[in-house]
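The structure appears right after this line, and notes come after that.
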Amino acid sequence: MQTTLLYGKDNLTINVPDDALILEPQNPSGLEDEMGALQEALKNPIGSPPLAEMVKATDKVAIVISDITRPTPNEKLVPALIKELNHVPLENFVIINGTGTHRDQTEEEFVQMLGQWVVDNVRIINNRCHDKETLVKVGHSKFGCDVYLNKEYVEADFRIVTGFIEPHFFAGFSGGPKGIMPGIAGIETIMTFHNARMIGDPLATWGNMVNNPLQEMTREINMMCKPHFMLNVTLNRDKQITNVFAGELIAAHDKGCEYAKEHAMTKCEQRFDVVITSNSGYPLDQNLYQAVKGMSAAHKIVKKGGAIIVASECSDGLPSHGNYGDILKMAKSPQEILDMINDPEFKTFDQWQVQKQAVIQVWADVYVYSLLTDEQVTQAMLKPTHNIEQTLEQLKEKYGEDMSIAVLPLGPLTIPYVDSED
């Protein structure tokens, strides 16, 4: 039978055996009137007065957005906020691109993300986690680091965080507080947030918000300089808005996570020999670094010693920024990578993604279907594939004609789990 994986901007259709199990989250219909729903949420928020009543005309307003690696519909959220705050002069707004540790966006990319009108009329800046001149200390975390956040955000009279809520492979769910931490944090703070102990905690996993140290830390830091208002959405496979969650940060985010979990959790009776997954298509599958999320979703239901096939376009390479590719060259096997990263003396930028990848690779083989060269894939200790159907035939030699297969067409938009391990 045929199934279509989210892949790049055009998707990828593959043939799989008829007995393969296709695992998808519920796919709610997009809202008929997205802008109407956004305006309604801003006027009747969760645990908060209406947005317009909270902001004075003289206030300097900071709006934090997700960067280009996320499919957040910034081009809808930001205009809705500005329209609702039409008593505030445009020159009083600043949009802060929550890059975390990612690269700056170009003006052309900002037009793609926000629309030409916003780019022409509102000041936009990239958060730069390494530039202390643009950061300010707001406190000290109980997790053992000083906390630095973007200076313009901290000094704003009114602070708004936007984003979208989906399953996240170590924070439980994205959105909400993560827009601030790590979105607009300094590198010292982000390195603690992503250290080996935090990432390796068994409670730091898909869909879990209870005693998850990543979620605890991001919420702790948000309380040091809290956003006055949150606007988050959930999306379906076509990137349409399915629900809107606006208002007080924690109350609104909790509601959004409950909704996302209800639609994303997918129960399995057993693990599988082979799991095929996407990385949710563009923009999340722009690079191999992000593709670890698709691998991680598959890891939850693949047998030990099994195989994961991830289809991730990787149009932006490994990527070119950061240390991800360099760390992968520092050892000869995934286990050696883990041993190196778990050494308390080892600490370097991007180690968290490599750590997650190595945990998966110790458990199962990982094949990558992408635009990357075979050399790039093999240097990452992964296996290239140029034809998923042929790779499945080859894997039958290892797992037999009765090889069990699961497919995650939406990749990390799905949280699969094995019922007996729940």
Side-chain angles (χ1 to χ4, degrees), residues 25 28 31 37-38 40-51 54 62-67 70-74 76-78 80-81 84 96 98 100 138 141 143 147 149-150 153 158-185 189-190 193 198 203-236 241-265 293 412-413 415:
L31 299 175
L38 289 168
E40 175 64 21
L42 299 179
K43 294 181 188 299
N44 295 284
I46 299 165
S48 164
L51 175 62
M54 301 174 71
I63 301 174
V64 179
I65 64 170
S66 308
D67 79 350
R70 304 296 188 263
T72 309
N74 297 305
K76 299 170 185 174
L77 305 191
V78 171
L81 289 166
E84 190 67 12
I96 306 172
V138 297
S141 170
F143 290 91
V147 176
L149 296 177
N150 184 279
Y153 166 82
F158 198 86
R159 301 181 291 270
I160 300 171
V161 63
T162 66
F164 94 106
I165 300 171
E166 67 168 347
H168 191 274
F169 67 145
F170 51 72
F173 287 91
S174 65
K178 280 189 86 272
I180 305 304
M181 175 65 225
I184 58 166
T189 315
I190 294 173
F193 185 66
M198 299 280 277
L203 295 175
T205 190
W206 296 100
N208 179 50
M209 301 287 281
V210 180
N211 297 323
N212 183 326
L214 277 299
Q215 200 60 228
E216 288 181 1
M217 183 174 175
T218 190
R219 292 188 173 206
E220 174 206 25
I221 288 172
N222 271 256
M223 294 306 107
M224 294 178 185
C225 190
K226 188 179 179 182
H228 298 100
F229 198 87
M230 183 197 94
L231 175 60
N232 275 197
V233 296
T234 49
L235 305 174
N236 62 18
I241 296 174
T242 60
N243 211 333
V244 183
F245 303 90
E248 192 275 329
L249 177 70
I250 302 303
H253 188 240
D254 282 349
K255 286 282 188 184
C257 292
E258 289 173 12
Y259 178 87
K261 188 167 188 173
E262 176 186 344
H263 291 84
M265 296 294 288
K293 294 176 181 176
L413 294 179
I415 309 176

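This chain uses plain numbering: 1 for the first residue, then up along the sequence.
Interatomic distance, CE of Met223 versus CD1 of Ile250, reported as 4.0 Å (0.5 Å rounding). Going from atom OG1 of Thr234 over to atom CG of Leu413 covers 11.0 Å, rounded to the nearest 0.5 Å. Separation of atoms OG1 (Thr72) and CD1 (Ile65) is listed at 8.5 Å; rounding is to 0.5 Å. The distance from the CD1 atom of Ile96 to the CD1 atom of Ile160 is 11.0 Å, given to the nearest 0.5 Å. With rounding to the nearest 0.5 Å, the separation of CD1 in Ile46 from CG in Asp254 is 9.5 Å. A distance of 9.0 Å separates CE in Met209 from NZ in Lys261, rounded to the nearest 0.5 Å.
Contact of the Met217 side chain with the Thr189 side chain is registered, since non-hydrogen atoms from C-beta on lie closer than 4.5 Å. At least one side-chain heavy atom of Leu42 sits under 4.5 Å from a side-chain heavy atom of Phe229. With contacts defined as side-chain heavy-atom distances shorter than 4.5 Å, the pair Ser141/Phe193 does not qualify. Side-chain contact between Pro28 and Asn243: absent, with no pair of heavy atoms (C-beta onward) separated by less than 4.5 Å. In this structure, Leu77 and Phe164 have side chains that are not in contact, with every pair of non-hydrogen atoms separated by 4.5 Å or more. Here the side chains of Ile180 and Cys225 are not in contact, with every heavy-atom distance at 4.5 Å or above. Residues Leu31 and Val244 form a side-chain contact, since some pair of their non-hydrogen atoms from C-beta on lies under 4.5 Å apart. Inter-residue side-chain proximity for Ile221 and Phe143 is flagged as unmet; no heavy-atom pair is nearer than 4.5 Å.
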**Study point:** Residue pair Phe173, Ile415: steps toward the side-chain contact (heavy atoms from CB on, under 4.5 Å) verdict
**Key:** CA-CA 11 Å; Phe173 287 91; Ile415 309 176; 4.3 Å; yes

Check your understanding: Would Phe170 and Met198 count as a side-chain contact (heavy atoms from CB on, under 4.5 Å) if you check the C-alpha gap in whole Å, the side-chain angles of each, and the deciding distance to 0.1 Å?
Key -> CA-CA 9 Å; Phe170 51 72; Met198 299 280 277; over 6 Å; no

Review point. Should Ile190 and Met181 be marked as a side-chain contact (heavy atoms from CB on, under 4.5 Å) after you check the CA-CA gap, both sets of side-chain angles, and the distance that decides it?
Key: CA-CA 8 Å; Ile190 294 173; Met181 175 65 225; 4.2 Å; yes

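Taking each heavy atom of Leu214 and Ala171 in turn, the nearest pair found is CB-CA, 4.1 Å. The two residues Ala41 and Ala246 make their nearest non-hydrogen contact at O-CB, 3.7 Å. Taking every heavy atom of both residues into account, Ser66 and Gly163 meet most closely at OG-CA, 3.8 Å. The shortest heavy-atom contact between Pro45 and Ser48 is CG-O, 3.2 Å. Leu249 and Met230 get closest at one heavy-atom pair: O-SD, 3.7 Å. The two residues Val147 and Met224 come nearest to each other via the heavy atoms CG2-SD, 3.7 Å.
No salt bridge links Lys255 with Glu248; every basic N to acidic carboxylate O contact stays at or beyond 4.0 Å.
Under the 3.5 Å distance criterion, the side-chain polar atoms of Asn232 are matched with a main-chain donor or acceptor of Gly176. A donor-acceptor pair is defined here as one N or O able to donate and one able to accept, closer than 3.5 Å; such a pair exists between the side chain of Asn208 and the backbone of Leu203. Checking side-chain atoms of Lys293 against main-chain N and O of Phe169 turns up no donor-acceptor pair under 3.5 Å. Of the possible donor and acceptor atoms, one in the side chain of Asn222 sits under 3.5 Å from a partner among the backbone N and O of Pro177. Panel note: side chain Ser174, backbone Glu166; a donor-acceptor pair is recorded below 3.5 Å.
Taking the six-membered ring for Trp and thresholds of 30 and 60 degrees, Tyr259 and His263 have ring planes inclined between 30 and 60 degrees apart.
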